[in-house]
Amino acid sequence: MMRSVGVELVRDCSLGFAYTGGCARNRNRGEQKNTKKKWIQTQHSQKLPSFGRITTSSLSYSSGPQSQSLSVMADEIVFNKKERFDKDAAASIVKELRGTFCSGKTKSYEWRVAQIKGILRMLVDRERDIIEALYKDLSKPETEAFVAEISMATSSCSHALKDLKHWMKPEKAHTSFTTYPSSAEIVSEPFGVVLVVAPWNFPFLLAIDPVIGAIASGNSVVLKPSEIAPATSSFFRKYLEEYVDSSAIRVVEGAIDETTALLEQKWDKIFYTGNGKVGRIIMAAAAKHLTPVVLELGGKSPVVVDSNINLMVAARRIVSGKWGSNNGQTCVSPDYIITTKSFAPTLIDALKQALEEFFGKDLLQSKDISRIVNSKHYARLSNYLDEDKVSSKIIHGGQRDEKQLKIAPTFLLDVPEDSQIMNEEIFGPLLPIVTVDKVEDGFDIINSRSKPLAAYLFTNDKKLQEEFVRTISAGGMLINDTILHLTNPSLPFGGVGESGIGSYHGKFSFDAFSHKKAVLYRSFAGDSSARYPPYSPKKLRLLRALLQGNIIGIILTLIEFLRV
């Protein structure tokens with residue numbers, strides 16, 4: 001007869017498990033103490049993870065004279081205490097992956113293609129699991145989850161498969177008269193063992209996209225998903241290694257302790273997406289080993305709006321880029337608007353109309369807007385609104401539902417420059433509007449701040465567009481739209497200054513994880529004594545002519561040598 005049994009299990013390093021709990025029927029402590037129970041592991045569904053949930057599908061125990069069997073669903077038993085993931089465990093993973101890399105296995109075209117095709121299969125087979133994980137983590141609508149994460153990951157795979165053979169070919173390089181006769185090329189080689197640390201806001205795409213680039217380049221990879229998006233992190237731990245070669249591609253879950261243990265290791269490259277505060281920690285850790293980094297950070301991405309525009313198209317694109325993209329929790333999300341005092345009322349009315357068109361009148365109840373990721377970030381955003389000099393500047397929205405972790409799309413007009421909301425990346429559904437006398441004055445405001453990850457301009461004025469591109473420094477920019485520039489694999493995506501170091505997407509991902517090795521080929525012909533000691537005035541004249549590319553001087557000096 002099957003009985004309900006309450007159990008608490010802890011990891012035993014030698015035997016697998018130790019029983020520390022009791023039968024649900026035997027509530028009496030004396031009975032539990034006097035009853036000898038022995039747990040026996042009888043069946044394994046798969047290899048135990050390094051930490052996390054038990055994957056044993058069936059356990060049995062004996063109790064006194066009677067023997068009973070117990071079937072336990074794997075998902076219903078959780079370790080009371082995680083197995084510690086420390087620097088020794090991290091070092092072990094790195095050693096294993098380095099061994100795989102040194103074998104040359106990851107460098108072949110066939111291996112790279114097989115792994116990327118495996119990720120493509122995962123995207124197809126596990127689409128519903130991905131969508132559900134994103135909903136659990138962010139209440140991300142299914143359409144947004146598919147368009148902004150799954151389809152873009154699919155596109156990255158397809159693009160890499162299409163062009164990988166071309167990317168891997170050595171690139172011919174010019175040679176100079178100094179090395180004549182010779183030929184030269186640039187060979188792309190993988191760095192080795194790389195670490196990808198992913199963010200929580202697009203927890204699937206921004207984890208798998210750099211992994212695709214690292215694989216395409218021929219590296220071994222460790223992916224550290226964000227613990228702030230636990231469902232998506234669990235997805236990667238559960239499924240990724242099923243579809244790729246786990247001897248070269250691994251997933252490590254965890255938070256600060258696990259990330260710290262990983263950062264203590266020597267990596268050949270570290271790729272981090274997140275905020276500047278953690279970016280500095282990553283860079284400091286990498287500096288100890290002289291490890292190169294790619295830091296995809298963020299910043300306050302401005303939107304300059306001229307009056308010379310198609311108003312409703314501009315409003316829809318701003319609203320879509322802000323609230324239709326993870327509810328403003330996006331590194332390239334419009335952070336604040338700059339427009340003229342005279343045009344601001346017209347623009348605000350159009351933005352309100354677009355909001356209602358997209359999300360309805362009750363914005364807090366819309367199923368098409370993601371929630372704030374957690375209570376910590378909800379409190380952070382609420383603090384922005386509650387600041388004394390800010391709360392009176394709210395002109396639309398501001399409603400909150402702490403239980404659902406939702407804040408309505410909110411406009412604020414002419415917030416003081418020294419307020420928190422104007423000095424920190426908002427990363428949420430709040431949108432300040434700054435007014436100026438002339439639209440060009442907005443350029444000075446942007447340039448007075450740290451360089452943003454993205455900068456946007458809405459205008460039909462070609463001269464204004466040219467001036468914007470010429471005078472504003474940003475990771476990337478887009479004219480008459482928002483955020484779509486990152487969908488183009490032919491454009492590098494990355495920051496500058498405070499908004500990041502390095503770039504990726506398309507071939508830029510391949511390049512980000514590849515060392516560009518210079519190779520010069522020469523024959524034994526054309527060996528000139530002029531380069532060797534003992535030196536003489538004639539040799540110096542010939543060398544000077546060669547280095548300066550002075551053809552006449554070379555000929556005259558050679559004639560002089562021939563006369564000797």
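Nothing fancy with the numbering, it's 1 onward along the sequence.
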Show the numbers, then the answer: is there a side chain to side chain contact (heavy atoms under 4.5 Å, CB included) between Thr232 and Leu134?
CA-CA 6 Å; Thr232 308; Leu134 292 170; 3.8 Å; yes

Where do Arg317 and Phe458 land on the side chain to side chain contact (heavy atoms under 4.5 Å, CB included) test, with the steps shown first?
CA-CA 10 Å; Arg317 291 176 178 178; Phe458 286 84; 4.2 Å; yes

Please report the C-alpha distance between Met422 and Val434 in whole Å, then the side-chain angles of each, then the deciding distance to 0.1 Å, and finally whether the side chain to side chain contact (heavy atoms under 4.5 Å, CB included) criterion is met.
CA-CA 10 Å; Met422 289 307 297; Val434 177; 3.8 Å; yes

Could you walk me through whether Val304 and Ile446 satisfy the side chain to side chain contact (heavy atoms under 4.5 Å, CB included) test, starting with their C-alpha distance in whole Å, then the side-chain angles of each, then the deciding distance to 0.1 Å, before giving a yes or no?
CA-CA 10 Å; Val304 179; Ile446 298 170; 3.7 Å; yes

Would you give me the side-chain donor-acceptor pairs under 3.5 Å for residues 465-475, sequence neighbours excluded?
from   : atom 1 : to     : atom 2 : distance (Å)
Gln465 : NE2    : Thr459 : O      : 3.0
Thr471 : OG1    : Glu467 : O      : 2.7

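Note on Glu424 versus Arg380: no salt bridge recorded, every NZ/NE/NH1/NH2 to OD/OE distance being 4.0 Å or above. Classification of Asp257 and Arg84 as a salt-bridged pair fails, no side-chain N sitting under 4.0 Å from a carboxylate O.
Under the 4.5 Å side-chain criterion, counting only non-hydrogen atoms from C-beta, Gln265 is not in contact with Arg98. Ser514 has its side chain within reach of Ser217: a pair of non-hydrogen atoms, C-beta onward, lies under 4.5 Å apart. Residues Glu258 and Glu227 are not in side-chain contact: their nearest non-hydrogen atoms beyond the backbone lie 4.5 Å or more apart. Looking at Glu149 and Pro203, their side chains come closer than 4.5 Å, going by heavy atoms from C-beta outward. Taking 4.5 Å as the limit, every side-chain heavy atom of Ile212 sits out of range of all side-chain heavy atoms of Tyr504. Between Ser370 and Glu144 there is a side-chain heavy-atom pair separated by less than 4.5 Å. Residues Pro210 and Val294 form no side-chain contact, since every pair of their non-hydrogen atoms from C-beta on lies 4.5 Å or further apart. Here the side chains of Tyr272 and Ile281 are not in contact, with every heavy-atom distance at 4.5 Å or above.
Residue Pro409 forms a side-chain contact (heavy atoms from CB on, under 4.5 Å) with just one option from Val319, Ile369, Leu364, and that option is Ile369. Each of Phe359, Phe411, Phe358 was compared with Trp323 under the ring-ring contact (aromatic ring centres under 6.0 Å, His included) criterion, and only Phe411 meets it. Each of Leu297, Asp335, Asn275, Leu453 was evaluated against Glu425; a single residue qualifies, Asp335, per the side-chain contact (heavy atoms from CB on, under 4.5 Å) test.
In this structure, Asp137 CG and Trp200 CH2 are separated by 10.5 Å, a value rounded to the nearest 0.5 Å. From Lys322, atom NZ reaches atom CG of Leu351 across 12.0 Å, with rounding to the nearest 0.5 Å. Atom-to-atom distance recorded for Ile479:CD1 and Leu457:CG is 4.5 Å, nearest 0.5 angstrom. Note: His505 NE2 to Ser156 OG = 6.5 Å, rounded to the nearest 0.5 Å. Distance check, rounded to the nearest 0.5 Å: CD1 of Ile426 to OH of Tyr384 gives 7.5 Å. In this structure, CG on Leu206 lies 8.5 Å from CE on Met152, to the nearest 0.5 angstrom.
In summary, the side chains of Asp125 and Tyr239 do not present any donor paired with an acceptor at a separation below 3.5 Å, with no hydrogens or angles considered. Using modelled atom types, one finds a donor on one side chain and an acceptor on the other under 3.5 Å when comparing Ser188 with Lys516. With no hydrogens or angles considered, a side-chain donor-acceptor pair links Asp401 and Gln404 at under 3.5 Å.
No more than 12 heavy atoms of other residues, nucleotides or ligands lie within 6.0 Å of NZ in Lys87, so this atom counts as exposed by the packing criterion. Asp388 CG: 12 or fewer foreign heavy atoms inside a 6.0 Å radius. The environment of NZ in Lys136 is sparse: at most 12 heavy-atom neighbours from other residues, nucleotides or ligands sit within 6.0 Å. Environment of CD in Glu402: sparse, with no more than 12 heavy atoms of neighbouring residues, nucleotides or ligands closer than 6.0 Å. Around CD of Glu189, the count of heavy atoms belonging to other residues, nucleotides or ligands within 6.0 Å exceeds 12. The number of heavy atoms from other shown groups lying within 6.0 Å of CE (Met283) does not exceed 12. Surrounding NZ of Lys117 are at most 12 heavy atoms belonging to other residues, nucleotides or ligands under 6.0 Å away.
Counting only distance, with no hydrogens or angles, the side chain of Arg316 and the backbone of Ile318 share no donor-acceptor pair below 3.5 Å. Checking side-chain atoms of Glu387 against main-chain N and O of Asn383 turns up no donor-acceptor pair under 3.5 Å. Of the possible polar contacts, one joining the Ser220 side chain to the Leu97 backbone as a donor-acceptor pair under 3.5 Å is found. Although no hydrogens or angles enter the test, the distance criterion places a donor-acceptor pair under 3.5 Å between the side chain of Asn326 and the main chain of Asn201. Of the possible donor and acceptor atoms, one in the side chain of Arg280 sits under 3.5 Å from a partner among the backbone N and O of Gly276. Side-chain N or O atoms of Ser366 include none that pairs as donor or acceptor with a backbone N or O of Leu363 at under 3.5 Å. With hydrogens and angles disregarded, a donor-acceptor distance shorter than 3.5 Å links the side chain of Lys224 to the backbone of Gly254. Between the side chain of Thr410 and the main chain of Gly398, a donor-acceptor pair closer than 3.5 Å is present. Although no hydrogens or angles enter the test, the distance criterion places a donor-acceptor pair under 3.5 Å between the side chain of Arg112 and the main chain of Ala216. Counting only distance, with no hydrogens or angles, the side chain of Ser499 and the backbone of Lys451 share a donor-acceptor pair below 3.5 Å.
Between Pro225 and Leu223 the shortest heavy-atom distance is CD-O, 3.4 Å. Between Arg449 and Tyr336, the closest heavy-atom pair is CD-OH, 3.5 Å. Smallest separation of non-hydrogen atoms from Phe202 and Gln329: CE1-O, 4.1 Å. Between Ser247 and Thr100, the closest heavy-atom pair is O-OG1, 2.6 Å. Between Pro452 and Ser301 the shortest heavy-atom distance is CB-CA, 4.0 Å. Residues Val94 and Lys266 come closest through the heavy atom pair CG1-O, 4.1 Å.
Residue pairs that meet the ring pair (Phe, Tyr, Trp, His ring centres under 6.0 Å) test with at least one member in residues 131-150, sequence neighbours left out, do not exist here.
Note: Phe236 and Phe204 have parallel aromatic rings, judged against thresholds of 30 and 60 degrees for the angle between ring planes. Ring planes of His515 and Phe191: tilted class, angle from 30 to 60°.
For Trp267 and Phe513, the ring centers sit 6.0 Å or farther from each other.
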